[in-house]
**Student:** 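Let me give you the structure first, and then I'll get to my questions.
By convention in this document, chain letters (A, B, ...) are assigned in the order of the sequence lines, proteins followed by strands, and residues within each chain are numbered from 1.
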There are 2 protein chains.
Amino acid sequence: MSPRRSVSSKKAPRKDSALLASAPIFAALGDETRLRLIAVLCAGRAMSIAQLTSGTEITRQAVTKHLCMLAEAGLVRDIKVGRERLWEFEPTQLEEARRSLEAIARQWDHALAKLKMAVER
Amino acid sequence: MSPRRSVSSKKAPRKDSALLASAPIFAALGDETRLRLIAVLCAGRAMSIAQLTSGTEITRQAVTKHLCMLAEAGLVRDIKVGRERLWEFEPTQLEEARRSLEAIARQWDHALAKLKMAVER
DNA sequence: TTAAAATGCAACCAGGAGGTAGCATATGAA
DNA sequence: TTCATATGCTACCTCCTGGTTGCATTTTAA
C-alpha cells in the first residue's frame, strides 16, 4: 500500500463531537409523523395525546411512541395535568441541529473558497 | 365528545409539504457514521470508497450502504473514474433541511410573540 | 358511586437498518 | 499477461422502528 494519506490521518477536529451528538436529533426529525407533531406543537399550544392523535390515521399508542422518541431527543417535553399529559415543543435541541447544519455549510463554503483560490493563482 | 377543535380542523398550511419532504434528509443525517462521511466529504475533495473506509471501524460494504443512503437523500453524488468510484458532497438538499429547521424556529418564535402580546394586553 | 375519558403497559408483528462474510468482476500497473 | 486493487453483488444476521391489539389504571363528571 502506498503511503497515501488516509481519511483519519488528518486528525478529526474536536468540533466533530458536537456534530455527531446531533445525530439523535436528526434521527428524531427523520420521520413524517414526527415532523407533523413538531409542526403542530411549535404552533405554541401544549396538547394532549388524544388531541394530537385526532386528525391522524394512526393509533394513540403509535403517537405516544413518537412523542417519547421526540422527548428522548429533547425536542418536546411533557407536563402531567390531571388525567391528561400535555406535550409542548422544546426549542433548545432544534437550535443545536441548526448549528450543526450551519457548521457543515460553512465548512463546505470554506472548501469551495480554497479551491477557487487555488485555481485562480 | 365536545365540539372542541381537533388538530386537523385548522387546515394544515401548504408549506407543510415542504417540511414533510425533508424527512428523508433528516433520516439520512440521523446516523453518526453518515454524519462523519458528510463531515469528511464537505471538506471538499471527492473520495473513493476505499479512502472513506480507511480510518473507520466498519467494513467497506457498510460504508457503501451508507453512501447509497446519503445519495438517495441527495446529500452526496458519485462519479466513476476508472476503477474507482469517487463521492462528493452535494449541498442542495442540506440547504433544504436548513430551511425546514428555520421554518419551524420561525413558527415557534411567532407563537411566542403572539402569546406575549395576549398576556400584556 | 359509577360510567366515560385519557392514558399506561405489554405482547406481538413485518419490515428495514446496520453490519458481516464470501465471491465475482473490472481495471490499473508491473 | 498477470496480479493486486477497487468495487459490485448476494446472502445472512440481529436489532430497532413503526405499527397494531388488548387490557389495566387513573381521573373527571354526572
**Student:** In whole angstrom, what separates Arg60(B)'s CZ from dA21(C)'s C1'?
**Tutor:** 11 Å
**Student:** Please determine whether a side-chain nitrogen or oxygen atom of His66(A) lies at a distance below 4.0 Å from atom OP1 or OP2 of dG19(D).
**Tutor:** yes
**Student:** Hey, does Leu94(A) have a side-chain heavy atom less than 4.5 Å from the side chain of Leu75(A)?
**Tutor:** yes
**Student:** Between the base of dG22(D) and the side chain of Gln61(A), is there any donor-acceptor pair under 3.5 Å?
**Tutor:** yes
**Student:** Atom CD of Glu57(A) and atom P of dT20(D): how far apart are they, to the nearest Å?
**Tutor:** 10 Å
**Student:** Could you tell me whether the side chain of Arg60(A) reaches within less than 4.5 Å of the side chain of Lys65(A), counting heavy atoms only?
**Tutor:**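 No, side chains not in contact.
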**Student:** Can you tell me how far P of dG28(C) sits from CG of Leu86(B), to the nearest Å?
**Tutor:**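 It works out to 12 Å between those atoms.
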**Student:** According to the interplanar angle, ranging from 0 to 90°, do the rings of Phe89(A) and Trp108(B) count as parallel (below 30°), tilted (30 to 60°) or perpendicular (above 60°)?
**Tutor:** perpendicular
**Student:** Does OP1 or OP2 of dG18(C) have a side-chain N or O of Arg34(B) closer than 4.0 Å?
**Tutor:**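 Indeed, a polar side-chain atom of Arg34(B) lies that close.
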**Student:** Send over the distance from Leu70(A) CG to dT17(D) P, rounded to a whole Å.
**Tutor:**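 So the CG-P distance, Leu70(A) to dT17(D), works out to 12 Å.
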**Student:** For Ile49(B) and for Ile58(A), locate the closest nucleotide of DNA chain D by heavy-atom distance; then report the residue assigned to the nucleotide nearer the 5' terminus.
**Tutor:** Ile49(B)
**Student:** Is any NZ, NE, NH1 or NH2 atom of the basic residue among Arg36(B) and Glu32(B) found under 4.0 Å from an Asp or Glu carboxylate oxygen of the other?
**Tutor:** yes
**Student:** Do His66(A) and Leu37(A) have side-chain heavy atoms sitting under 4.5 Å apart?
**Tutor:** yes
**Student:** In whole angstroms, how far is the C1' atom of dA6(C) from the CG atom of Leu52(A)?
**Tutor:** 13 Å
**Student:** Of the nucleotides dG18(C), dA11(C), dT7(C), which has the atom closest to the Lys65(A) side chain?
**Tutor:**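 Closest nucleotide to the Lys65(A) side chain: dA11(C).
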**Student:** What nucleotide, of dT7(D), dG19(C), dA6(C), holds the atom closest to the side chain of Ala62(B)?
**Tutor:**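 Of the options given, the side chain of Ala62(B) lies nearest dG19(C).
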**Student:** Tell me whether the side-chain N or O atoms of Arg83(A) pair up with the base of dG8(C) as donor and acceptor below 3.5 Å, since no angle test is needed here.
**Tutor:** no
**Student:** Between Arg85(B) and dG8(D), is there a contact of a side-chain N or O with OP1 or OP2 at under 4.0 Å?
**Tutor:**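 Answer yes for this pair, as a side-chain N or O of Arg85(B) is under 4.0 Å from OP1 or OP2.
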**Student:** Could you tell me how far apart Phe26(A) (CZ) and dT17(D) (C1') are, to the nearest whole angstrom?
**Tutor:**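 Distance, rounded to whole Å: 20 Å.
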**Student:** Taking the nucleotide of DNA chain D with the nearest heavy atom to each, does Val81(A) or Thr33(A) sit closer to the 5' end?
**Tutor:**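 Result: Thr33(A).
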**Student:** Look at the side-chain N and O atoms of Thr59(B) and state whether any lies under 4.0 Å from the OP1 or OP2 oxygen of dT20(C).
**Tutor:** yes
**Student:** Rounded to the Å, how far apart are Met69(A) CE and dG19(D) P?
**Tutor:**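 Result: 10 Å.
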**Student:** Please report, rounded to the nearest Å, how far the P atom of dA6(D) is from the CD1 atom of Ile79(B).
**Tutor:**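 My rounded result for the distance is 17 Å.
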